[in-house]
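Proteins come first, then strands; the chains are lettered A, B, ... in the order of their sequence lines, and each starts at number 1.
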Amino acid sequence: MSARENILARISKARGSSVVADISAEIRRHQRGPIPPLEDDLIKRFGARAVSLASDVAQARTITEVPALVARYLGERQLPMQGVCWPALAPYGWNSVGIELQTRAARGDDLVGVTGAFVGIAETGTLMLLSGPETPATVSLLPETHIAVIESGRIVANMEQAWDRLRVERGTLPRAVNFVSGPSRTADIEQTVTLGAHGPYRVLIIIVG
Amino acid sequence: MEVTAMHFRRKAAESLENAKLQHALKKMQSKFVDKRAAAITELPNFTEIRDAATDIRERVVNHLDSYLLRFEQEATARGAVVHWAEDIEEANRIVVEIAQRHGVRKVVKSKSMVTEECALNDYLASVGVEVLETDLGEYILQLAHEPPSHIVAPVVHKSKEEIADLFAEKHKRTRKTEITEMCREAREVLRPGFLSADMGISGANFIIAETGSVLIVTNEGNGRLTTTLPRVHVAITGIEKVVPTLEDASTLLRLLPRSATGQPITNYVSVLTGIRGQDESDGPEHFHIILLDNGRSRLLGTELQPMLRCIRCGACMNHCPVYQNIGGHAYGWVYPGPMGSVLTPSFVGLENAIDLPNASTFCGECAVVCPVKIPLPDLMRHLRHQQVVRHLRPWTERVALRLWSWAARHPAVYALLTRAAVRLLCLLGGKEKRLRHLPGASGWTKGRDMPAPAGRTFRELYQARRSL
């Protein structure tokens with residue numbers, strides 16, 4: 001007998017029945033657990049939580065303001081004015097503020113990555129990013145600086161609402177759903193929190209609208 | 001990982017003598033405990049969430065086969081290959097077969113306790129596959145050739161100075177003692193590994209039946225790199241890690257990082273489903289998931305079944321006065337603290353971990369903080385009972401217990417013996433009423449004085465009061 005059969009046989013024997021329960025109805029129900037109550041202003045909550053997780057947060061009224069905001073952020077920190085971005089963000093006039101962005105997956109030596117986000121989650125100040133041909137996962141991961149642009153209308157209260165949106169808008173899960181809550185960090189040496197362990201050292205979230 | 005749990009008493013004593021370790025443990029203690037306490041108060045409905053989490057894990061454990069089969073079906077439909085392994089030998093063999101089939105020379109690994117169970121790194125090295133641990137703590141341990149001493153903070157037993165020495169020796173660079181600089185140096189050393197590896201190996205914090213996904217949490221982002229860059233991804237996990245739906249995973253995620261490190265969420269949570277799409281520019285081309293039993297299914301239907309609810313947060317060890325004083329290595333296997341005192345005897349045999357169920361003060365704090373309400377002291381008590389039933393305790397102890405039990409069942413004898421004992425102890429206590437040495441019980445008096453009894457037994461005092 002194979003390991004699979006042996007393991008399944010032991011489980012059903014311990015359960016005292018060889019009939020495998022039908023769990024499809026339970027799974028279809030997507031029953032939610034208890035949800036922590038949140039204050040009404042989701043955008044404010046999202047921003048405050050993101051800051052508490054060491055992200056930088058900026059507000060833009062329209063998408064046209066974004067390149068200038070990014071240029072100022074990079075300039076103030078003396079960071080390079082070039083990097084990679086998701087294709088959907090390419091047409092926003094980066095050149096006019098002196099930023100040069102290529103639309104492709106990131107490589108090890110790219111220093112700035114600009115992405116969107118599927119939604120933002122107010123409960124924890126978290127970005128939810130979906131991988132895909134137009135949204136390569138490496139852009140938010142390999143560069144030392146990650147800049148994420150998100151429309152305020154795409155901030156939801158919690159992870160459960162994010163799953164609902166994903167089911168409605170996409171149907172199935174992409175290869176990778178990445179929840180990002182601030183810069184990469186480690187506390188492995190003497191429990192001292194240090195940013196930029198392997199992923200980005202800094203995350204700037206720009207909320208539009 | 002080699003089992004050395006049978007040497008617990010000796011290793012615990014050594015740990016208490018180890019000044020460096022004691023210093024590191026003192027630093028750790030309050031941080032994890034205080035941070036968890038603060039993180040829990042952030043959730044006004046913590047009790048309901050904990051009940052719901054317990055219920056989810058209980059449901060899964062009760063119908064493990066249903067959820068595993070559903071998981072297998074969904075994962076396979078998305079292009080992953082699901083393997084089942086009875087034991088660590090089989091799991092290791094499967095990993096090596098995958099590596100050989102795909103011509104893998106270099107592996108990057110994200111932290112996984114199940115691969116520690118398997119001693120996978122040694123096994124891969126023995127067939128000529130190079131393995132690089134990428135969690136900073138695990139990487140440090142790999143350099144030092146040491147096992148982890150904590151499941152969440154594996155290198156908690158080492159000081160900054162020791163790590164600085166290690167880096168200077170192995171990296172052949174100038175010795176740095178600033179933690180920020182040390183982390184940057186490790187980042188620089190590890191980055192080429194991520195970019196050149198053929199295979200990434202990770203564990204799974206949960207696997208999701210609804211979608212066939214593997215969910216991993218990390219703070220460093222090494223988990224994301226490991227599962228995104230190499231062309232092959234292998235995830236290895238215990239069969240008990242399955243949860244029904246994405247909503248259930250969300251409920252558990254409110255508790256896992258809060259219980260572990262006091263964070264509301266880890267920096268990265270990744271839900272990985274299937275392989276890279278045809279027009280996608282990143283992600284692995286091959287995805288293998290290994291479901292390891294290694295003793296887990298044998299706990300089903302026994303008193304120890306609740307242990308399968310465990311989500312490996314480490315809160316039980318952080319709050320355990322025994323762990324706090326001796327650290328993780330003394331426990332002699334992958335899982336230290338109260339969870340290890342149950343898991344190690346269950347997985348490697350009670351006779352090979354004889355002292356672990358006794359390595360507890362039964363203060364009960366582990367059960368209080370467990371996010372899925374595992375009654376750890378009850379499980380340890382069950383194992384203690386098993387030790388006696390299976391005659392695994394020393395004969396002296398068995399005889400002593402038998403005598404005591406006989407005396408306890410004969411009230412007159414019991415009264416006589418206790419009266420004699422307290423009189424004697426009172427006398428031994430002298431004017432100071434302190435016992436400095438107790439023949440036959442030096443374990444109690446070696447490190448402290450014991451107050452001497454006042455000279456009358458409880459029964460005598462009770463009698464006296466009643467006759468007033």
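Contact annotation for B:Arg254: only side-chain heavy atoms (C-beta onward) come within less than 4.5 Å of a heavy atom of chain A. Residue contact with chain B, scored on non-hydrogen atoms closer than 4.5 Å, is absent for A:Ser17. Neither the backbone nor the side chain of B:Thr261 comes within contact range of chain A; no heavy atom of the residue lies under 4.5 Å from a heavy atom of that chain. Only the side chain of B:Lys31 has a heavy atom closer than 4.5 Å to any heavy atom of chain A. Proximity to chain A is limited to the backbone of B:Thr266, based on heavy atoms less than 4.5 angstrom apart. Contact annotation for A:Ile35: both backbone and side-chain heavy atoms come within less than 4.5 Å of a heavy atom of chain B. When heavy atoms are compared at a cutoff of 4.5 Å, A:Asp22 does not approach chain B at all. Contact annotation for A:Ser184: both backbone and side-chain heavy atoms come within less than 4.5 Å of a heavy atom of chain B. Within the 4.5 angstrom heavy-atom criterion, atoms from both the backbone and the side chain of A:Leu142 approach chain B. With a threshold of 4.5 angstrom between heavy atoms, B:Leu225 approaches chain A through its backbone and through its side chain. Of the two parts of B:Glu42, only the side chain, counted from C-beta on, holds a non-hydrogen atom closer than 4.5 Å to a non-hydrogen atom of chain A. Contacts of B:Gln278 with chain A are absent, with no heavy-atom separation under 4.5 Å from either backbone or side chain. A:Arg15 touches chain B through its side chain: at least one heavy atom from C-beta onward sits under 4.5 Å away, while N, CA, C and O do not. The contact between A:Pro174 and chain B is made entirely by backbone atoms, counting heavy-atom distances below 4.5 Å. With a 4.5 Å cut-off on non-hydrogen atoms, B:Tyr67 touches chain A through its backbone and its side chain both. For A:Ser140, the parts sitting under 4.5 Å from any heavy atom of chain B are the backbone and the side chain alike.
Shortest non-hydrogen contact noted between A:Pro200 and B:Tyr268 is CD-OH, 3.4 Å. Shortest non-hydrogen contact noted between B:Pro244 and A:Ile27 is O-CD1, 4.0 Å. Residues A:Arg175 and B:Ile275 share a closest heavy-atom pair of CD-C, 3.7 Å. For B:Ile49 against A:Pro36, the heavy-atom pair with the smallest separation is CD1-CG, 4.2 Å.
Side-chain contact between B:Met28 and A:Glu190 is absent, with no heavy-atom pair separated by less than 4.5 Å. A heavy-atom distance below 4.5 Å is not found between the side chains of A:Gln31 and B:Thr245. In this structure the side chain of B:Pro264 never reaches within 4.5 angstrom of the side chain of A:Glu123, judged on heavy atoms. With a 4.5 Å cut-off on side-chain heavy atoms, A:His30 and B:Leu246 do not count as touching. Using a 4.5 Å cut-off on side-chain heavy atoms (C-beta onward), B:Ser250 and A:Arg32 make no contact. Taking the side chain as every heavy atom from C-beta outward, A:Ser131 and B:Glu280 approach each other to under 4.5 Å. Proximity of B:Arg224 to A:Val180: side-chain heavy atoms (C-beta onward) are separated by under 4.5 Å at one or more points. With contacts defined as side-chain heavy-atom distances shorter than 4.5 Å, the pair B:Asp282/A:Arg104 does not qualify.
In terms of non-hydrogen atom pairs under 4.5 Å with chain B, the most contact-rich of A:Arg49, A:Glu5, A:Glu134 is A:Arg49. Interface remark: of the candidates A:Ala54, A:Ala21, A:Ser2, A:Pro34, A:Pro34 forms the most heavy-atom pairs closer than 4.5 Å to chain B. Annotation: maximal heavy-atom pairing with chain B below 4.5 Å, among A:Ala187, A:Gly33, A:Pro37, occurs at A:Pro37. Here B:Ser281 is the residue among B:Ala153, B:Ser281, B:Gly221, B:Gly301 with the most heavy-atom pairs under 4.5 Å with chain A. Chosen from A:Ala137, A:Ser52, A:Gly125, the residue pairing most often with chain B at heavy-atom distances under 4.5 Å is A:Ala137. The residue among B:Val82, B:Leu68, B:Leu272 with the most heavy atom pairs within less than 4.5 Å of chain A is B:Leu272. Most heavy-atom pairs under 4.5 Å with chain B, from the set A:Gly16, A:Ala162, A:Ala14: that is A:Ala14. Among the candidates B:Ile140, B:Asn62, B:Asn222, B:Leu215, the residue making the largest number of heavy-atom pairs closer than 4.5 Å to chain A is B:Asn222. Ranked by heavy-atom pairs shorter than 4.5 Å toward chain A, the options B:Asp51, B:Asp55, B:Leu64, B:Ile239 are led by B:Leu64. Interface remark: of the candidates B:Ile56, B:Leu300, B:Leu43, B:Leu300 forms the most heavy-atom pairs closer than 4.5 Å to chain A. Chain A forms more heavy-atom pairs under 4.5 Å with one residue of B:His150, B:Arg59, B:Glu138, B:Gln263 than with any other, namely B:Arg59. For the options A:Thr124, A:Leu8, A:Val20, A:Leu173, heavy-atom pairs under 4.5 Å to chain B are most numerous at A:Leu173.
More than 12 heavy-atom neighbours from other residues, nucleotides or ligands sit within 6.0 angstrom of CD on B:Glu161. The neighbour count for A:Gln191 CD, taken as heavy atoms of other residues, nucleotides or ligands under 6.0 Å away, is above 12.
Remark: A:Arg28 does not engage B:Glu210 in a salt bridge, criterion side-chain N to carboxylate O under 4.0 Å. Salt-bridge check for B:Glu90 with A:Arg4: failed, with every basic side-chain N at 4.0 Å or more from each acidic carboxylate O. Of the charged side-chain nitrogens involved, none lies within less than 4.0 Å of a carboxylate oxygen, so that A:Glu144 and B:Arg191 do not count as a salt-bridged pair. A salt bridge links A:Arg10 with B:Glu86; the closest basic N to acidic carboxylate O contact falls under 4.0 Å. A salt bridge is defined here as a Lys NZ or Arg NE, NH1 or NH2 lying under 4.0 Å from an Asp or Glu carboxylate O, and B:Glu220 with A:Arg185 fails to meet this definition. Ion pairing between A:Arg167 and B:Glu247 holds under the 4.0 Å rule for side-chain N and carboxylate O.
In this structure, B:Ser297 OG and A:Ile11 CD1 are separated by 6.0 Å, a value rounded to the nearest 0.5 Å.
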Quick one: do B:Thr251 and A:Met159 satisfy side-chain contact (heavy atoms from CB on, under 4.5 Å)? Show the steps, please. CA-CA 9 Å; B:Thr251 296; A:Met159 210 179 254; over 6 Å; no
Can you list the steps and then say if B:Lys158 with A:Ile189 is a side-chain contact (heavy atoms from CB on, under 4.5 Å)? CA-CA 8 Å; B:Lys158 270 199 186 311; A:Ile189 303 178; over 6 Å; no
Step by step, work out the side-chain contact (heavy atoms from CB on, under 4.5 Å) result for A:Thr172 and B:Arg78. CA-CA 10 Å; A:Thr172 54; B:Arg78 288 294 301 265; 4.2 Å; yes
Would you please test A:Val177 and B:Thr273 for side-chain contact (heavy atoms from CB on, under 4.5 Å) and show each step? CA-CA 8 Å; A:Val177 178; B:Thr273 316; over 6 Å; no
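No donor-acceptor contact under 3.5 angstrom links the side chains of B:Asp65 and A:Ser12, judged on distance only.
A donor-acceptor pair is defined here as one N or O able to donate and one able to accept, closer than 3.5 Å; such a pair exists between the side chain of B:Asn267 and the backbone of A:Ser181. Side-chain atoms of B:Arg187 come within 3.5 Å of backbone N or O of A:His198 as a donor-acceptor pair. Side-chain N or O atoms of B:Asn219 include none that pairs as donor or acceptor with a backbone N or O of A:Thr186 at under 3.5 Å.
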